**Q** 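A single structure is presented below for examination.
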Amino acid sequence: MRRAPWKTLPRHSSCFRAGDYLPWLLRSGTDMPLEAIWRPLLGEVRVLPTPTGRHALWWFLEHCPLQAGDGVALAGYNYYPVVQILVDRGLRPRFVDIEPETLCMDPERLEEELDEGCRMVLVTHMFGHPADMARIGEICRRRGLILFEDCAHAVGTRWKDMPVGVLGDGALFSFGVYKAVNAFGGGMLVLRGDAAGGVPGPPPASESPLKALLDPLVRALVTLLMTPGLYGLTLAPFLALCRRHFPRLYHLLDPSDNDPHYRFDPRGRAPFQSFMAEMVRRQVARLEAAVQQRRARAAGLRERLAGVPGVGWLEGDRHGRANASYLGVRLADARAAAAFLERRGVGCRAGEFLDVSRLPQFAPWAASCPQARKAEEEVLRLPSYPCLGEGDLDRIASTLREFQENP
Ligand SMILES: *Cc1c(COP(=O)(O)O)cnc(C)c1O
């Protein structure tokens, strides 16, 4: 039986209201620097706007005292472009296995993997789950290592009574379409400590005025078409068509899975623009409400799926308070489940994050990370965005239940 196409749920939605598009439509920016926008949340830190989250890491590496060949420890379950940036900088990734409960770096493994040449730890608050910053921070202080946080998923995530992003020497945030704060692109580098004041910014980006126009336009369009209701009538059938007939275009529009040829191009994206700061300002003002809504959706799904065979849960709050930006479940075969849910109109994508320690392009630094491998095979992200209604949650849960009961 075919379901009405407008009922297809996207895997992610920013749940924007019409007014959220206005700063972009009218190009009305704010004069408020990002630092002032984030001060209520992050306190006194230096904030540099960047064209993407990746640029923030790239710029940090440009300015931190690392030399070619130095080791950087990071979790084996990760976003491969981040690893590629380290490699392109001549650094040596040292893959550390993860805690199965949080999908974040396991401090026990970190201690074992650190060698003489390791100078930095890059910790990712995966799925918005805070990592074990007590132990990771202690290891970094004891050994004099640089500590960098990847907060791409983690706006609003807390560790003890502190927000993540101010716990180390630097942090990246991303305002991409699929992230919890969406400014149609952009990102930021947060800096702390004595060296922070000396870092210039913002980093260079593409100077093409056409790119400055088109880059956000495409992202505004994708954001609009990821609105539940619209999605099933527009982007979903278009993506399905591309997937079948134009796989390269499909990968461009909806990248997931490994691309061994990916290279970071610092000039490949439009610069951070002032309308983005205004979009960020508005979303930061309602961040706490959005986190509560996401957490409520996540709890609602968990309740509905209680007792379904073969569904396991992560422990996002193990080291603090997760922002619930991503809701992960553990299944026997995440890929098969994702394909089933997609066919039934529930947006899901396998292969968003991978066991990067065994990817072919990183073969010289290959490591064994069994928990990262298991996470790649088993963890699936379910929709949990604020504009999902009770009926949507029922449908997500009953579809997954159906798959689990008759796979
Ligand atoms: C999205 C993401 C990034 C980078 O963000 P961009 O703005 O896309 O460059 C970094 N790390 C993780 C874990 C991400 O999901």
Side-chain angles (χ1 to χ4, degrees), residues 11-12 14 34 48-61 72 74-88 93 95-96 98 102-105 122-131 148-155 157 164-165 168 170-190 202-203 205-206 215-216 218-219 222-223 251-259 262-273 276 279-280 283 316 322-323 325-328 349 351-356 359 372 375-376 379 381:
R11 71 188 154 113
H12 170 88
S14 296
L34 276 182
L48 300 177
T50 55
T52 66
R54 282 163 240 206
H55 280 81
L57 172 61
W58 172 77
W59 196 240
F60 180 80
L61 295 174
V72 177
L74 76 168
Y77 187 60
N78 222 312
Y79 186 50
Y80 69 85
V82 167
V83 187
Q84 189 64 50
I85 290 173
L86 300 177
V87 169
D88 288 347
F95 298 113
V96 177
I98 54 168
T102 63
L103 309 178
C104 300
M105 173 184 285
L122 192 165
V123 62
T124 306
H125 302 292
M126 208 44 156
F127 284 26
H129 306 159
F148 187 85
E149 300 176 82
D150 180 340
C151 300
H153 302 173
V155 269
T157 292
V164 299
L172 76 79
F173 286 83
S174 165
F175 310 133
V177 167
Y178 297 104
K179 303 295 154 81
V181 169
N182 173 4
F184 303 155
M188 68 183 188
L189 172 60
V190 171
S206 165
D215 238 22
V218 170
R219 286 169 177 80
V222 171
T223 302
H251 188 82
L252 208 71
L253 290 171
D254 200 3
S256 64
D257 278 327
N258 185 35
D259 173 8
Y262 168 81
R263 290 293 175 280
F264 173 72
D265 170 13
R267 306 189 71 81
R269 282 285 291 270
F272 191 97
Q273 301 171 55
M276 294 175 173
M279 290 184 70
V280 170
Q283 290 170 69
N323 66 355
S325 65
Y326 290 13
L327 171 64
R349 191 75 75 257
E352 284 181 299
F353 303 98
L354 303 168
D355 173 9
V356 292
L359 291 179
E376 176 183 323
V379 173
R381 188 147 83 81

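All ligand and atom numbering here is 1-based and tracks the order in the structure. For clarity, every value in this text was computed on a predicted model and none was experimentally measured.
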**Q** Within the 4.5 Å heavy-atom criterion, are Pro93 and Val87 side-chain neighbours or not?
**A**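 A side-chain contact under 4.5 Å exists here.
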
**Q** Given the rule in the side chain to side chain contact (heavy atoms under 4.5 Å, CB included) test, do His129 and Tyr326 qualify, once you have shown the distances and angles that lead to the verdict?
**A** CA-CA 9 Å; His129 306 159; Tyr326 290 13; over 6 Å; no

**Q** Can you list the ligand 1 atoms lying under 4.0 Å from a non-hydrogen atom of Ala152?
**A** 2 (C), 3 (C), 10 (C), 11 (N), 12 (C), 14 (C)

**Q** Carefully, step by step, assess Phe148 and Val72 under the rule side chain to side chain contact (heavy atoms under 4.5 Å, CB included).
**A** CA-CA 10 Å; Phe148 187 85; Val72 177; over 6 Å; no

**Q** Does Phe353 come within less than 4.0 Å of ligand 1, judged by its heavy atoms?
**A**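 Yes, Phe353 has a heavy atom closer than 4.0 Å to ligand 1.
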
**Q** For ligand 1, which part of Thr52 has a heavy atom less than 4.0 Å away: the side chain, the backbone, both, or neither?
**A** both

**Q** Applying the ring-ring contact (aromatic ring centres under 6.0 Å, His included) criterion to His55, which one of Phe272, Phe175, Phe173, Phe264 satisfies it?
**A** Phe264

**Q** Students often mix this up, so state it plainly: with edges at 30° and 60°, are the rings of Phe127 and His153 parallel, tilted or perpendicular?
**A**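 Tilted: the ring planes of Phe127 and His153 meet at 30° to 60°.
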
**Q** Closer than 4.0 Å to some heavy atom of Ser174 - which atoms of ligand 1 meet that?
**A** 5 (O), 6 (P), 7 (O)

**Q** Report the part of His153 in contact with ligand 1, treating N, CA, C, O as backbone and CB onward as side chain, heavy atoms under 4.0 Å; options are side chain, backbone, both, neither.
**A**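 Side chain only.
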
**Q** Among all protein heavy atoms in this structure, tell me which lies nearest to atom 10 (C) of ligand 1, with the distance rounded to 0.1 Å.
**A** Asp150 OD2, 3.4 Å

**Q** Please write down residue, atom name and distance for the protein heavy atom closest to atom 1 (C) of ligand 1.
**A** Lys179 NZ, 1.4 Å

**Q** Please report whether ligand 1 has a polar contact with Arg54, defined as an N or O pair separated by less than 3.5 Å (distance criterion only).
**A**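 Yes.
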
**Q** Heavy-atom distances under 4.0 Å decide this one: backbone, side chain, both or neither, for Tyr178 against ligand 1?
**A** neither

**Q** Is the NZ or CZ atom of Arg11 both under 6.0 Å from the centre of the six-membered ring of Tyr178 and within 45° of that ring's axis?
**A** yes

**Q** Val82 to ligand 1: N or O pair under 3.5 Å?
**A**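 By distance alone, the answer is no.
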
**Q** Does ligand 1 come near enough to Tyr79 that some N or O of the ligand is less than 3.5 Å from an N or O of the residue?
**A**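 In this structure, Tyr79 places no N or O atom under 3.5 Å from an N or O of ligand 1.
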
**Q** Would you name the heavy atoms of Pro51 and Ala270 that are closest together and state the gap between them?
**A**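 Taking every non-hydrogen atom into account, CB-O, 3.2 Å.
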
**Q** Return a yes/no value for Tyr326: is any of its N or O atoms, backbone included, closer than 3.5 angstrom to an N or O of ligand 1?
**A**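 Checking ligand 1 against Tyr326, no N or O pair falls under 3.5 Å apart.
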
**Q** For Phe95 and Val83, run side chain to side chain contact (heavy atoms under 4.5 Å, CB included): C-alpha distance rounded to whole Å, both residues' side-chain angles, the deciding distance at 0.1 Å, then the answer.
**A** CA-CA 10 Å; Phe95 298 113; Val83 187; 3.7 Å; yes

